[in-house]
Each structure stands twice: as C-alpha cells, then as structure tokens.
Amino acid sequence: MKIPQYTVLLIVSIGLAILSCKPEPTKTNPEFTYPAEFGSIAYPNPSNKPAQAGIELGRHLFYDVNLSLNRTISCGSCHAQVHGFADHNLPVSFGIYNRKGIRNSPSIINMAWSPTFMWDGRIRHLDVMPIAPFTDTNEMGMTLPGVMERIKENSKYLNLYQKAFPNKEINEETTLLALSQFMLSLISNNSKYDQVKKGKTKFTNSESNGYELFKTHCNSCHSEPLFTNHQFEYNGIVAIESDPGRYRITQLPNDKYRFKVPTLRNTEITYPYMHNGSIRTLDEVLNKYVESSHIESNRNYSGKLIPITLSESERKDLIAFIKTLTDYDLISNPKFSEIH
Ligand code: HEC
Ligand code: HEC
C-alpha cells in the first residue's frame with residue numbers, strides 16, 4: 001500500500017477537526033468500556049470514544065463493497081470475522097480485479113492498544129488507516145472524494161450518520177472516525193486463556209506445559225496479555241531482499257527484516273503465517289523457529305531469540321497452548337458481523 005502525498009495534510013486537518021468533536025453518551029449511545037486487563041489504550045484520540053451508533057455506522061462502512069472501484073471489495077473481504085479479522089487463508093490479499101498485494105492481511109483485533117499499523121509500522125494513527133486501503137490501486141482503488149460520493153448514493157447512511165454524529169456532516173472526517181470506532185470495538189479477550197486468567201476454567205496438562213514453553217521462548221516478543229510487544233523484531237524466518245520490513249520506512253540498517261510482531265490471539269485461524277503468508281501451519285512455524293534460533297548470527301541480530309529444541313510432545317503442548325488463544329466469541333459475535 002502506498003500513502004498518497006495528501007495524507008499528511010489530511011492527518012493535520014482531521015487532527016484539528018477531531019479536537020472539536022465530543023459526542024455525549026446517551027441512552028442510544030451507552031458508554032463503551034475497554035477491558036482493564038489490557039492496560040491503557042494507545043489510540044491517541046480520546047474524543048472519539050466508541051459508542052453504539054458510531055460502531056454501527058462503522059460496521060456498515062466496513063462491509064460495504066460499494067466503497068471500492070468496481071463494487072466488489074470491502075474491508076471485510078480481507079479482514080474476515082471467521083478468520084479473526086485476517087484474510088480468508090490467502091498468503092497475500094486480492095483486491096479489485098483480482099489484483100494482488102505483497103503482504104498477508106493481518107488480524108485487526110485489539111487495535112486500540114496498537115501504537116503503529118502495517119507490518120512495517122508506516123501508519124501511526126488509526127483514524128487515517130482506512131485511507132491506505134481505500135486508495136491503494138491493488139485494494140479498493142478509490143479516492144476519498146470518490147468514497148464520499150458512493151456513501152451519499154445510499155440513503156441508509158443518512159440515518160446512520162445522523163445517529164452517530166448528530167449535527168455533523170457526512171464527510172471524510174466522520175467516515176474515518178466511524179471506521180475507527182468499529183475497529184476499536186473489535187476486542188478479543190474471551191479465549192480459553194482469558195477464562196483461565198479469570199479463574200473460570202483450567203488449562204489441561206498439555207496446555208499448561210505449552211504455556212511454560214511459551215513463556216520461555218516466545219513471550220519476549222509475543223508478550224502477554226496482547227501477545228505482542230508492539231515492537232519491530234527479527235525472528236529470522238522470512239528475511240528476503242524484496243521486503244526488508246521496517247527498514248523500508250526508517251532506512252536504518254538495524255531495521256532490516258524487522259516486522260511488527262503480530263498478535264498470537266486467534267492465530268490458529270489466521271493461517272497462512274508471516275508478513276508474506278509463506279508458512280502454512282503452526283507445526284511448520286515451530287520447525288522454522290527451531291531452525292532459526294540455532295543460527296548464531298540470527299540470535300545476535302535479534303537479541304531476543306534463544307535456542308529452542310522441541311520434543312514431539314513439547315511441540316504438541318506448545319500448539320495446544322496457542323489454540324487456547326482462539327476467541328470463539330469474537331468470531332461468532334453478531335455485533336461484528338456483516339449481516340444481522
Ligand atoms: C485487498 C485486501 C484488503 C482490504 C480491502 C483492506 N485491507 Fe486492511 N490490510 C490488508 C493488508 C495486506 C494489510 C497489511 C499491509 C502492510 O503491512 O503493508 C492490512 C493492514 C490493515 C491494518 C493494520 C493492522 C495492523 O496490525 O497493523 C488495519 C487497521 C486495516 N488493514 C484496516 C482496514 C480497513 C478499515 C479497511 C477498509 C477501509 C481495510 N483494511 C481494507 C489488506 C486489506
Ligand atoms: C525475536 C522476537 C520473536 C520471538 C522470540 C518469537 N517470535 Fe513469533 N514472530 C515474531 C515476528 C517479528 C513475527 C512476524 C515475522 C514476519 O512476518 O516475517 C512473528 C510471527 C509469528 C507467527 C505468525 C503469526 C501471523 O499472524 O502471521 C507465529 C504463529 C509465531 N510468530 C509464533 C511464535 C512462537 C510459537 C514463538 C516461540 C517459540 C515465537 N513466535 C517467538 C517475533 C518473534
């Protein structure tokens with residue numbers, strides 16, 4: 001995805017507009033709360049608190065294929081609820097006219113806590129995030145004014161905007177704020193792991209052993225409770241010239257092949273894996289970690305990899321633990337789905 005020049009201007013103008021926008025909670029807009037166990041949010045716009053009407057408008061926009069050039073692709077096409085809001089098991093995503101991107105579509109859950117966006121972290125504010133897919137020629141292929149025209153074509157939006165942003169216009173600002181509200185509401189915190197943490201159930205022996213292995217070998221990067229440390233790290237698995245990751249943005253030699261650490265919440269259902277979707281199964285992922293962590297130069301460069309060797313039963317245990325991070329509530333909750 002390329003970011004057009006005018007994005008910078010837009011960030012500034014949205015920033016200014018946002019300062020003057022404070023929706024009051026009412027009966028139809030009850031107060032939204034973030035789960036305390038995840039700590040303070042990173043979303044830098046406190047005046048855009050998710051509320052029922054804003055989330056609902058955001059949901060309609062998120063699933064609207066009319067907001068792409070040939071009316072075939074919505075945000076939900078590449079961020080599918082049944083796959084934990086990652087893609088439909090494709091290595092890289094297809095946009096309009098079956099055009100292919102270069103990266104695997106990440107799960108977009110728990111975005112409220114994410115300080116940066118994209119595998120290389122090139123976007124720093126959730127409110128401007130949708131501009132990239134809307135305008136990318138390989139994704140939705142639109143301009144923002146074009147998106148606004150498509151929205152104004154559909155009379156259902158009059159009522160939805162009115163409820164979400166009373167006395168405000170249907171414009172780029174309110175559109176982006178509503179999409180943020182929907183994304184902020186995509187919280188995944190009801191997996192078996194979460195139930196265990198709340199004392200409501202227990203791990204099996206195998207999951208428990210897996211958890212110990214996880215804490216030793218994986219937690220430094222995929223840190224609890226969000227299962228990411230939100231940093232750009234090197235795991236030595238897919239280091240290819242064509243995509244040097246964070247380096248593309250900073251040009252710092254030490255950022256070569258570093259990528260934003262993906263959350264492992266719901267990772268059971270977000271395959272295939274890594275920024276280019278080149279690894280198909282969790283078993284294969286573990287093989288790659290065993291391989292990579294035994295290469296001394298990888299360990300020196302990463303600073304966080306430690307040599308890992310897994311017996312057959314340890315491998316099963318670690319996978320059993322990772323599967324406790326699947327949140328069946330998230331993937332079946334009608335609040336987040338296309339139709340209800
Ligand atoms: C054609 C597929 C496609 C469509 C359509 C699409 N995305 Fe994405 N999305 C991706 C890919 C691929 C990435 C990662 C790109 C990268 O890192 O360079 C991504 C990244 C993101 C991220 C960053 C996640 C993170 O953890 O850093 C967010 C948020 C997001 N998309 C939201 C949206 C929204 C909102 C829409 C609709 C306006 C949308 N996407 C439409 C494929 C898509
Ligand atoms: C040095 C930091 C680091 C450590 C330690 C680490 N990872 Fe990762 N992990 C990453 C990064 C960075 C990525 C993304 C790399 C890429 O896309 O090329 C990743 C990707 C993954 C993915 C793919 C997720 C997705 O959505 O594509 C899985 C699964 C995974 N790691 C599991 C593990 C397990 C299990 C362990 C422990 C054995 C572990 N990781 C240890 C940094 C780390």
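Order of appearance sets the numbers: ligands from 1, and atoms from 1 within every ligand. Bear in mind that the values here come from a model prediction, so they are computed numbers and not experimental data.
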Please report whether ligand 1 has a polar contact with His79, defined as an N or O pair separated by less than 3.5 Å (distance criterion only). yes

Is there a polar contact, in the sense of an N or O pair closer than 3.5 Å, between His275 and ligand 2? yes

Quick check on side chain to side chain donor-acceptor pair (under 3.5 Å): which of Asn298, Asn287, Asn235 does Ser292 satisfy it with? Asn298

Thinking salt bridges, do Asp120 and Arg103 make one under a 4.0 Å N-O criterion? yes

Which ligand 2 atoms does Ile322 reach within 4.0 Å, using its non-hydrogen atoms? 35 (C)

So which of Leu126, Ile131, Asn171 actually passes side chain to side chain contact (heavy atoms under 4.5 Å, CB included) with Leu176? Ile131

For Ser114, state whether at least one heavy atom is located under 4.0 Å from any atom of ligand 1. no

Once you restrict to heavy atoms under 4.0 Å, what part of Ile306 touches ligand 2? Side chain, backbone, both or neither. neither

Quick check: Tyr193 with Phe227 (ring centres under 6.0 Å apart)? yes

Hey, is there an N, O or S on Cys78 sitting under 2.8 Å from atom 8 (Fe) of ligand 1? no

So if I count the atoms of ligand 2 from 1 in the order they appear, which ones are less than 4.0 Å from some heavy atom of Tyr273? 23 (C), 24 (C), 25 (C), 27 (O)

Within ligand 1, which atoms have a heavy atom of Ile73 less than 4.0 Å away? 5 (C)

Would you confirm whether the ring centroid of Phe259 sits within less than 6.0 angstrom of the ring centroid of Phe232? no

Tell me which part of Ser74 gets within contact of ligand 1: side chain, backbone, both or neither, using heavy atoms under 4.0 Å. backbone

Min heavy-atom dist Tyr257 to ligand 2 below 4.0 Å: no

Partner of Ser206 under side chain to side chain contact (heavy atoms under 4.5 Å, CB included), picked from Ile319, Asp317, Leu318, is Asp317

Counting heavy atoms only, name the option from Leu310, Asn235, Val261 that's nearest to atom 19 (C) of ligand 2. Asn235

Phe182 heavy atom under 4.0 Å from ligand 1: no

For Asn276, state whether at least one heavy atom is located under 4.0 Å from any atom of ligand 2. no

Does Asn104 reach ligand 2, in the sense of a heavy atom lying below 4.0 Å from it? no

I need the minimum non-hydrogen distance between Gln181 and Asn48, along with the two atoms involved. NE2-OD1, 2.9 Å

Check ligand 2 against Ser302 and write out every atom of the ligand that is under 4.0 Å from a heavy-atom position of the residue. 1 (C)

Looking at Lys260, which atoms of ligand 1 are within less than 4.0 Å of one of its heavy atoms? 25 (C), 26 (O), 27 (O)

For atom 1 (C) of ligand 2, tell me which residue out of Cys221, Gly245, Ser278, Ala86 has the closest non-hydrogen atom. Cys221

Within-cut-off N or O pair, Ser93 and ligand 1, under 3.5 Å: no

For Leu264, state whether at least one heavy atom is located under 4.0 Å from any atom of ligand 2. yes

At less than 4.0 angstrom from any non-hydrogen atom of Met183, what atoms of ligand 1 do you find? 29 (C), 32 (C), 35 (C)

Tell me whether Phe259 has any N or O atom under 3.5 angstrom from an N or O of ligand 2. no

Look at atom 27 (O) of ligand 2 and find which of Lys304, Arg246, Met274 reaches it with the closest heavy atom. Met274

cation_pi(Arg258, Tyr301) dist<6.0 Å, angle<=45: yes

Going by the 4.0 angstrom heavy-atom rule, the piece of Cys218 near ligand 2 is both

Is ligand 2 under 4.0 Å from a heavy atom in the side chain of Ile279, in the backbone, in both, or in neither? neither

For Arg122, take its heavy atoms, then give the atoms of ligand 1 lying under 4.0 Å from any of them. 16 (C), 18 (O)

Is it the side chain, the backbone, both or neither of His222 that has a heavy atom closer than 4.0 Å to ligand 2? side chain

Please report whether ligand 1 has a polar contact with Ser105, defined as an N or O pair separated by less than 3.5 Å (distance criterion only). no

State yes or no: are the ring centers of Tyr34 and Trp113 separated by less than 6.0 Å? yes

Charged N to carboxylate O under 4.0 angstrom, Lys197 versus Glu224? yes

Check Asp136 with Arg99, please: is the shortest side-chain N to carboxylate O separation under 4.0 Å? no

Please identify which atoms of ligand 1 are closer than 4.0 Å to at least one heavy atom of Phe94. 1 (C)

Looking at Ile108, Asn110, Ile109, Asp243, the heavy atom closest to atom 24 (C) of ligand 1 belongs to Ile108

Does Trp119 have a heavy atom less than 4.0 Å from any atom of ligand 2? yes

If the cut-off is 4.0 Å to any non-hydrogen atom of Tyr234, which atoms of ligand 2 fall inside it? 1 (C)

Salt-bridged, Glu149 to Lys152, with N to O below 4.0 Å? no

At less than 4.0 angstrom from any non-hydrogen atom of Leu286, what atoms of ligand 2 do you find? 35 (C)

Identify, by atom number and element, the atoms of ligand 1 in contact range of Met129, meaning under 4.0 Å from any of its heavy atoms. 21 (C), 22 (C), 28 (C), 29 (C), 30 (C), 31 (N)

Contact check: Tyr289 vs ligand 2, nitrogen or oxygen atoms, below 3.5 angstrom: yes

